[in-house]
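Report on the following structure.
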Amino acid sequence: MTGFHLTVPGEPPGAPEAARLLIPLIDGHRGPRGPYTVAAALLRHLAPRACERSPELVAAHDIEIRAAAPELAAIVPVTRSTIETGLPEDERILVPAPRRTLRLANGLAEFFREAVPPGSAITVCNGAQADPTDTELLDVMMRRIPPATLAITVYAGGPEPPPDTRDADELWALVDRCVREGFLHAAAELGEHGMARTDPGGPRWWRFAQRTATALGGLGRTEEAWAVWDLVRVSSQDPAMHAAAAYGTAMLDARHPDPARRDLVRARGWVNEAIAISGLLPDPAERAFKLGFDRNGLALIELRQGRLDAALALVESAIELAGELGERHPLHRMVLLANRAQLLAACGRAKEALDDYAAAIAVDPGFPDHVLERGNLLFRLGRHDEALADFEQAIRAGPPLPEAYYNRAEVRTVRGDDEGALADLAYVIELDPGYLDAYINRAGLLAASGRDDEARADVETGLRLAPGNPHLLTVLGQLETEAGRFEAAGAALDEAVERDPGLAAAWGNRGVLRYATGDLQGSVEDLSRAVELQPQADLYANRAVALRSLGRAADAEADERRAAQMS
């Protein structure tokens, strides 16, 4: 039985061992088909049989299967969907975030793990030329599927595909699918091919240009996206194109992945230009839609500059404009309602925010993002049962969503269900080994339950991901204190306090350390700072112990009363 996965730098041998191969050698080159070439080959073999033998397994992964292999749509029923699938092209305004492909990859890996006969194997060639969707999928499969279930061998090399002869119409269908599904690398690459095969400035060229720039921006390839928007300005005199290019350029500055490189003044100039042009468009419906879209973009800039009231006013004006569109552009209205909900919540107007979230969710209950946001607000308000219901609705809505499981773990923690929380956090890390906050929270829970070795392992992994993280240093300090390694504990906690002076847990743990080392006054000072930042029963109780040791009995009794009241 095969016991490991392989990644091989060269080409496969002329006649690879086929005894255990589930299907013949898979050519993973992205050229002929594009995204999920490998996934589709596997799905074409496995999905028809699964539909007959395990329809519930197919139903649980319908979104992933249909996204990776749309040719199977006829045999894979839709069990979960959003309203976007039934909308015309100009109303499909949402572009999935790059992380959506990780969700799809995890869902597909779980499907394959259940659907393949144990002891199977696959071999893939041209791995170096695979689309990023397949590269990510193969990585997830190798990490999550035991080789005894499905052994995977990937060869970097392989035969060259024939030249790409697809004309612009074929390319457009693929680019449109890629943007819709969030396959942004392919959308950018194929969109550039489409631009090269159409007349600059024309309607078909514009469709490719707009999708290409959007995909590049979503990938954080800001300079390339900027160059496409500049090309639009050079190639066209169409006012709608110039308005869209101005808006797109503004968002490159406003949403730059590096906050230090966000030029909000320049972004404001570009979005003002977009608003000026959109306000002159002759068609009333187009004017109302584009003007509302642009004002929503300006609201983001106002928010980033700390002007909540101005941002809220802009979003409200955009919602008013959306009222002129009748039944058209429901996604536009949904986004505006959710944005207003975020701003209302930030202004402390929680009831109105919840009303807007409810209205946004009613537009498309299958879209999980706003359900997740509402759950977060409910959690902050202490309405834990309702928050839990929202997080579980988001979990059911689509492929594995790490954020929903992470948030459910937080609810389970405050409700005292530590084992349930640990299970959710373990699944988050299985889905996304780079999810830093999951390591932080799991390390804290493990340390609190006395599972110090496991907690230390999470701390070490987390610090490799984020050296100097104050939360992890705080847990490390706690572990070192309990192990009696006071010097190491002090170094960790001193660094934690220095890196985040507002972190109550760091001050509290250092207060415990100072008490253990005989520095009673220092212990009281640190615990007092922790109480100022985040009053908690355990902090009062610990300070009471230190105060009593200093002979301050009355102060200690006052802290003991506070601790009892909060418990």
Side-chain angles (χ1 to χ4, degrees), residues 7 11-12 16 21-48 50 61-76 85 96 98 100-105 107-109 111-112 115-116 122-142 150 152-197 207-208 211-212 215 219 399:
T7 301
E11 296 188 15
L21 287 183
L22 185 67
I23 57 176
L25 176 70
I26 302 170
D27 188 342
H29 200 296
R30 68 186 183 279
R33 178 190 169 92
Y36 285 127
T37 295
V38 176
L42 280 170
L43 288 168
R44 286 194 296 269
H45 178 77
L46 293 169
H61 299 285
D62 63 320
I63 292 174
E64 302 96 298
I65 295 171
R66 293 167 67 95
E71 63 269 31
L72 297 177
I75 66 167
V76 177
T85 55
R100 180 173 188 261
T101 58
L102 178 62
R103 297 180 62 200
L104 294 173
L108 289 168
F111 174 78
F112 293 143
V116 298
I122 60 169
T123 300
V124 178
C125 69
N126 271 321
Q129 297 299 323
D131 185 81
T133 53
D134 277 320
T135 302
E136 181 180 54
L137 172 63
L138 288 166
D139 177 69
V140 170
M141 289 172 66
M142 288 181 170
L150 179 66
I152 302 168
T153 302
V154 179
Y155 290 90
E160 281 296 313
D164 186 357
T165 59
R166 288 173 292 193
D167 61 31
D169 288 336
E170 289 179 287
L171 277 176
W172 169 248
L174 186 52
V175 168
D176 189 45
R177 173 197 164 214
C178 289
V179 173
R180 241 182 13 253
E181 298 288 3
F183 307 155
L184 301 185
H185 292 90
E189 182 177 48
L190 296 169
E192 289 175 347
H193 293 336
M195 290 172 65
R197 297 178 192 184
R207 295 163 88 194
F208 283 116
R211 300 304 197 278
T212 302
L219 292 169

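Residue numbers run from 1 in the order of the sequence given.
The CE atom of Met195 lies 5.5 Å from the OG1 atom of Thr212; values are rounded to the nearest 0.5 Å. Summarising the geometry, atom CZ belonging to Arg103 is positioned 8.5 Å from atom CD belonging to Glu64; distances are rounded to the nearest 0.5 Å. The CG atom of Leu25 sits 9.0 Å away from atom OH of Tyr155, with the distance rounded to the nearest 0.5 Å. With rounding to the nearest 0.5 angstrom, the OG1 atom of Thr85 is 8.5 Å from the CZ atom of Arg66. Summarising the geometry, atom CZ belonging to Phe112 is positioned 4.0 Å from atom CG belonging to Leu43; distances are rounded to the nearest 0.5 Å. How far CG of Leu190 is from CG of Asp131: 8.0 Å, rounded to the nearest 0.5 Å.
The backbone N or O of Pro159 sits less than 3.5 Å from a side-chain atom of Asn126, completing a donor-acceptor pair. At least one donor-acceptor pair closer than 3.5 Å links the side chain of Thr133 to the backbone N or O of Tyr36. Asp134 places a side-chain N or O within 3.5 Å of a backbone atom of Val38 that can act as its donor or acceptor partner.
In this structure, Leu174 and Phe183 have side chains that are not in contact, with every pair of non-hydrogen atoms separated by 4.5 Å or more. Counting only heavy atoms from C-beta outward, the side chains of Thr37 and Asp27 never approach each other to under 4.5 Å. Within the 4.5 Å cutoff, the side chain of His61 has no heavy atoms near those of the Leu108 side chain. The shortest distance between side-chain heavy atoms of Leu102 and Val140 falls below 4.5 Å. Proximity of Pro132 to Thr101: side-chain heavy atoms (C-beta onward) are nowhere separated by under 4.5 Å. Here the side chains of Leu22 and Leu42 are in contact, with some heavy-atom distance below 4.5 Å.
Across all their heavy atoms, Glu11 and Gly158 have their closest contact at CG-N, 3.5 Å. Of all heavy-atom pairs spanning Leu184 and Pro98, the tightest one is CD1-CG, 3.8 Å. Across all non-hydrogen atoms, the minimal contact from Leu72 to Arg44 is CD1-N, 4.2 Å. For the pair Ala68 and Ala40, the tightest heavy-atom approach, listed with the atom from each and the gap, is O-CB, 3.8 Å. Between Pro70 and Arg177, the shortest heavy-atom contact is CD-NH2, 3.6 Å. Minimum heavy-atom separation, Arg166 to Gly31: NH2-O, 3.1 Å.
A salt bridge links Arg100 and Glu181; the closest N-O separation between the charged side-chain nitrogens and carboxylate oxygens is under 4.0 Å. Asp176 has a carboxylate O that lies under 4.0 Å from a charged side-chain N of Arg180, or vice versa, which qualifies the two as a salt bridge. Using a 4.0 Å cut-off between a side-chain N of Lys or Arg and a carboxylate O of Asp or Glu, Arg197 and Asp167 do not qualify as a salt bridge.
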Go through the steps for Arg30 and Glu189 under the test side chain to side chain contact (heavy atoms under 4.5 Å, CB included), then give the verdict. CA-CA 11 Å; Arg30 68 186 183 279; Glu189 182 177 48; 3.1 Å; yes
